[in-house]
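To start, the structure itself, in structure tokens.
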Amino acid sequence: MNTIPLSNSYAFSHYSHTKIFKSQPTFITRNSKKDTNIPAPNESRNLPSNLSLLEKIFNKAIIKFLDHPPHLSVDPCNTLTDNFAPVDELSPTKCEDVYGSLPSCLDGVYIRNGPNPQFISSGPQHYLDGDGMVHSIRISQGCATFCSRYIKTNKYLFENQVKSSIVPNFIGGMKGLGPFVARAAFFSARIVLGKYDIGKGIGVANTNLAFFGGSLFALCESDLPYALKVEDNGDVITLHQHDFKGKLFMNMTAHPKIDPKTKEAFAFRYWATYPYITYFRFDANGDKQTDVPIFSMKEPSLTHDLAITQKYAIICDIQLGAHPMNLIQKGSLISFDKMKVPRIGVLPRYAKDESEIKWFEVPGLNILHVANAWDETDEYGSEVLVLVAPNTLSIEHFFDRMDLIQASMEKVTIHFGTGVVLRQTLSVDNMEFPVINPAYISKKNKFVYTAIHEKTPKKSRMIRTIGVAKLDIAASEGTKERHEYTVASRMYGDNCFGGEPFFVARDSSVEEDDGYLVSYVHDENSGESRFLVMDAGSPNLEVVAVVKLPQRVPYGLHGLFIKEKDLSAM
């Protein structure tokens with residue numbers, strides 16, 4: 001495997017980390033890990049001066065009498081350190097240092113979302129609870145401008161006004177019934193007194209971004225999307241929470257799938273109450289169509305992603321679920337059902353109801369992210385559906401011990417005529433965040449690009465990405481079983497970590513891999529963050545350009561690239 005050159009190979013000068021965390025407790029990330037200033041989890045915390053005396057007393061009472069020492073997975077002293085620690089906003093800033101040259105097809109913007117808490121809760125806080133912040137790099141004629149902006153959600157704006165974390169955390173706060181009920185009651189009192197408009201949502205918009213119907217959206221599956229605008233100078237503006245003319249009245253997945261030909265977007269929402277899954281789509285203009293409740297989903301499932309083919313939408317029913325009764329019975333909203341057999345649901349993508357859905361049991365298959373899916377026909381003329389996705393092993397540890405999670409890239413073939421489901425392992429190298437050339441979504445493709453996760457992650461911390469791999473999934477069709485489908489890879493180097501790659505096609509490209517992979521990469525030795533551009537068609541994912549960024553970019557989740565012509569048409 002190849003590594004990118006170290007930072008001094010680009011003649012980049014080192015720069016120090018930025019000061020972070022405006023809230024209590026205070027975290028200040030400096031050049032040395034030993035200098036990180038982190039208070040003990042349960043020590044007394046100074047609450048914001050603009051809170052009322054009663055609010056301060058109530059908060060301190062919860063901290064002193066109800067909070068228990070937090071599990072490592074929800075202890076910010078463990079999870080929000082190093083490059084997981086948040087940063088301040090940064091207005092559009094020109095990037096001075098560029099290694100190589102930025103390809104002309106990258107004129108546009110790469111924008112990536114991720115958790116970046118504005119304030120730290122006085123109680124448990126999971127990494128995934130953080131407020132959404134987008135980090136964007138606007139490129140024009142080889143010049144780059146970088147910007148970091150919070151998504152101005154209802155939650156963000158309210159907490160920014162009171163200078164404190166007020167809204168209970170969705171993941172971290174759901175551990176321990178007593179402290180959660182106390183904080184929820186305190187928050188509910190604000191709602192009753194008219195101090196917080198719950199109708200505008202409590203979501204953090206921190207997971208993904210999607211571009212459809214001529215609009216850009218920041219997404220998190222616990223809330224409605226937030227519409228964004230990328231300004232000519234590279235700034236990112238939050239426009240408003242978007243309910244699609246009142247037709248989307250609840251939450252939606254953070255992973256809609258956009259058909260590259262029809263421009264339709266296919267999505268769903270899951271909920272802890274019946275019906276647990278509801279499927280819907282948006283037409284090319286972004287108009288939401290009729291809901292299709294999936295009543296055959298018999299219990300809650302944390303279904304995170306879906307796939308589409310030219311004919312079908314594919315829904316994954318996994319072993320992780322969220323049910324309100326879990327808080328009382330188990331002290332945690334999230335539960336793992338070891339007796340449940342995961343299923344794949346196949347629904348005609350223009351279905352008016354769920355009458356034609358077909359369910360296929362696939363033991364041990366827990367899918368969080370999907371690479372692609374397509375339709376085929378077998379030798380007897382019967383329909384076949386092919387799905388490529390990482391299978392999350394030991395998924396019961398997902399929210400508590402990410403260091404125990406492994407992912408096995410699989411190709412799943414469903415034969416409609418016989419009901420037989422065949423599975424083929426393509427890689428066991430702990431790969432996740434799969435992406436493809438977006439032009440091939442819903443149709444047969446050859447290449448999948450994935451993030452390679454670190455081999456020995458820190459206990460109860462989110463896993464970091466040490467490189468990117470290119471898989472040739474078409475090779476799985478050969479008559480002889482292959483044991484390795486990785487045809488190219490690029491490692492980021494010693495103590496350097498990145499995130500999800502994204503594929504950007506060259507202008508007028510013909511071949512599927514004729515384009516570039518882009519991602520943010522952080523060097524924990526120097527404190528530098530960089531924007532990396534790799535040639536997706538080269539045998540070693542050759543680095544063709546690197547941009548030194550003016551601010552550290554924390555590890556995050558998902559992003560996308562929008563070309564200049566699409567930005568202009570927004």
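Quantities reported herein were computed from a predicted structural model and do not represent experimental measurements. Just so you know, residue 1 is the first one in the sequence shown, and it goes up from there.
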* Does the pair D513 and Y449 meet the rule for a side-chain contact (heavy atoms from CB on, under 4.5 Å), with working shown? -> CA-CA 10 Å; D513 61 348; Y449 307 92; 3.2 Å; yes
* State, to 0.1 Å, how close L541 and R490 come at their nearest heavy-atom pair, and which atoms those are. => O-NE, 3.2 Å
* Asked: Is a salt bridge present between D403 and R401, judged by a nitrogen-to-oxygen distance below 4.0 Å?
  -> yes
* When rounded to the nearest 0.5 angstrom, what distance separates OG1 in T450 from CD in E500? -> 10.5 Å
* To do: Could you give me the CA-CA distance, side-chain angles and deciding distance for K444 and E477, then say whether salt bridge (charged side-chain N to carboxylate O under 4.0 Å, His left out) is met?
  => CA-CA 12 Å; K444 188 174 183 178; E477 299 177 349; 2.7 Å; yes
* How long is the gap from CD on E376 to NE2 on H415, to the nearest 0.5 Å? -> 8.5 Å
* **Donor-acceptor pair, side chain of D429 and main chain of M431, under 3.5 angstrom** => no
* Would F217 and F282 count as a close aromatic pair, with their ring centres under 6.0 Å? -> no
* For atom CG of L248, is the number of surrounding heavy atoms from other residues, nucleotides or ligands below 6.0 Å larger than 12? -> yes
* With side-chain contact (heavy atoms from CB on, under 4.5 Å) as the test, would you mind laying out the steps for R461 and T81 before giving the verdict? => CA-CA 10 Å; R461 287 267 295 267; T81 57; 3.4 Å; yes
* Within-4.5 Å side-chain heavy-atom neighbours: L385 and I314 -> yes
* **CD (Q310) with more than 12 external heavy atoms under 6.0 Å** => yes
* Has E299 got more than 12 heavy atoms of other residues, nucleotides or ligands less than 6.0 Å from its CD? -> yes
* To do: Test H558 against every option in F502, F433, Y110 by the ring pair (Phe, Tyr, Trp, His ring centres under 6.0 Å) rule and name the one that passes.
  => F433
* Is the gap between the ring centers of F211 and F561 under 6.0 Å? -> no
* **Heavy-atom pair of closest approach, residues A205 and T153** => CB-CG2, 3.8 Å
* Would a line drawn from the ring center of Y312 to the ring center of F416 be shorter than 6.0 Å? -> yes
* Kindly give the heavy-atom pair with the smallest separation between D131 and N206, and that separation in Å. => C-CB, 4.1 Å
* Asked: Between the main-chain N or O of L306 and the side-chain N or O of K257, is there a donor-acceptor pair closer than 3.5 Å?
  -> yes
* May I ask you to check whether over 12 heavy atoms, not counting those of W359, lie within 6.0 Å of atom CH2? => yes
* Below 6.0 angstrom between ring centroids: does that apply to F244 and H242? -> yes
* Does a donor on one side chain and an acceptor on the other come within less than 3.5 Å for H369 and E432? -> yes
* So, for P275 and P293, which heavy atoms are closest and what is the spacing to 0.1 Å? -> CG-CB, 4.0 Å
* Are the side chains of N113 and L557 in touch, meaning some heavy atoms are under 4.5 Å apart? -> no
* Look at the side chain of D129 and the backbone N and O of H126, then say whether any donor-acceptor pair between them is shorter than 3.5 Å. => yes
* To do: Decide whether a cation-pi geometry holds between R112 and F531; the criteria are a distance under 6.0 Å from NZ or CZ to the six-membered ring centre and an angle within 45° of the ring axis.
  => no
* Asked: So, K340 side chain and I318 main chain: donor-acceptor pair closer than 3.5 Å or not?
  -> yes
* May I have the step-by-step check of side-chain contact (heavy atoms from CB on, under 4.5 Å) for I441 and I258, ending in yes or no? => CA-CA 8 Å; I441 291 175; I258 291 86; 5.8 Å; no
* What's the verdict on side-chain contact (heavy atoms from CB on, under 4.5 Å) for F336 and L320, showing C-alpha distance, side-chain angles and the deciding distance? -> CA-CA 5 Å; F336 170 75; L320 276 186; 4.2 Å; yes
* Donor-acceptor contact below 3.5 Å, side chain N437 vs main chain A439 -> yes
* Between atom OG1 of T392 and atom NE2 of H397, what is the distance when rounded to the nearest 0.5 Å? -> 12.5 Å
* Asked: Within the distance-only criterion (no hydrogens, no angle test), does the side chain of T253 pair as donor or acceptor with the backbone N or O of H304 below 3.5 angstrom?
  -> yes
* Asked: Could D472 and K446 be called an ion pair, given the rule that one side-chain N must be under 4.0 Å from one carboxylate O?
  -> yes
* Structure fact -> Output for pair (W271 CH2, I277 CD1), nearest 0.5 Å, gives 12.5 Å
* Taking the six-membered ring for Trp, are the ring centroids of Y440 and F447 within less than 6.0 Å of each other? -> no
* Asked: With no hydrogens and no angle check, is any side-chain donor or acceptor of D317 less than 3.5 Å from a backbone partner on R343?
  -> no
* **Y520 (side chain) donor-acceptor with H135 (main chain) under 3.5 angstrom** => yes
* **Separation of E356 CD from K358 NZ (nearest 0.5 Å)** => 6.5 Å
* Side chains of S301 and Y276: closer than 4.5 Å at any heavy-atom pair? -> no
* Is the shortest heavy-atom distance from the side chain of Y492 to the side chain of R464 under 4.5 Å? -> no
* Asked: How long is the span from the NZ atom in K352 to the CG atom in D291, to the nearest 0.5 Å?
  -> 12.5 Å
* Sidechain-backbone polar pair: R349 side chain, T309 backbone, donor-acceptor under 3.5 Å -> yes
* Step by step, work out the side chain to side chain donor-acceptor pair (under 3.5 Å) result for H71 and S73. => CA-CA 5 Å; H71 186 275; S73 63; 2.8 Å; yes
* Give the minimum heavy-atom separation between L219 and P256, together with the two atoms involved. => CD1-CD, 3.6 Å
* Does some side-chain heavy atom of P86 sit less than 4.5 Å from a side-chain heavy atom of P117? -> yes
* Would the F295 and Y274 ring centres measure less than 6.0 Å apart? -> yes
* Would you check if the side chain of N169 reaches a backbone N or O of P124 as a donor-acceptor pair within less than 3.5 Å? => yes
* To do: Decide yes or no for V448 and N372: does some side-chain heavy atom of the first lie under 4.5 Å from some side-chain heavy atom of the second?
  => no
* L426 versus I473: any side-chain heavy-atom pair under 4.5 Å? -> yes
* Asked: Closest heavy-atom contact between P300 and A272?
  -> CG-O, 4.0 Å
* Asked: Does a side-chain heavy-atom distance below 4.5 Å link D507 with C105?
  -> yes
* What is the ring orientation for F266 with Y350, classed by angle as parallel under 30°, tilted 30 to 60°, or perpendicular over 60°? -> perpendicular
* Let me know which of T413, D375, V420, T377 forms a side chain to side chain contact (heavy atoms under 4.5 Å, CB included) with V384. => T413
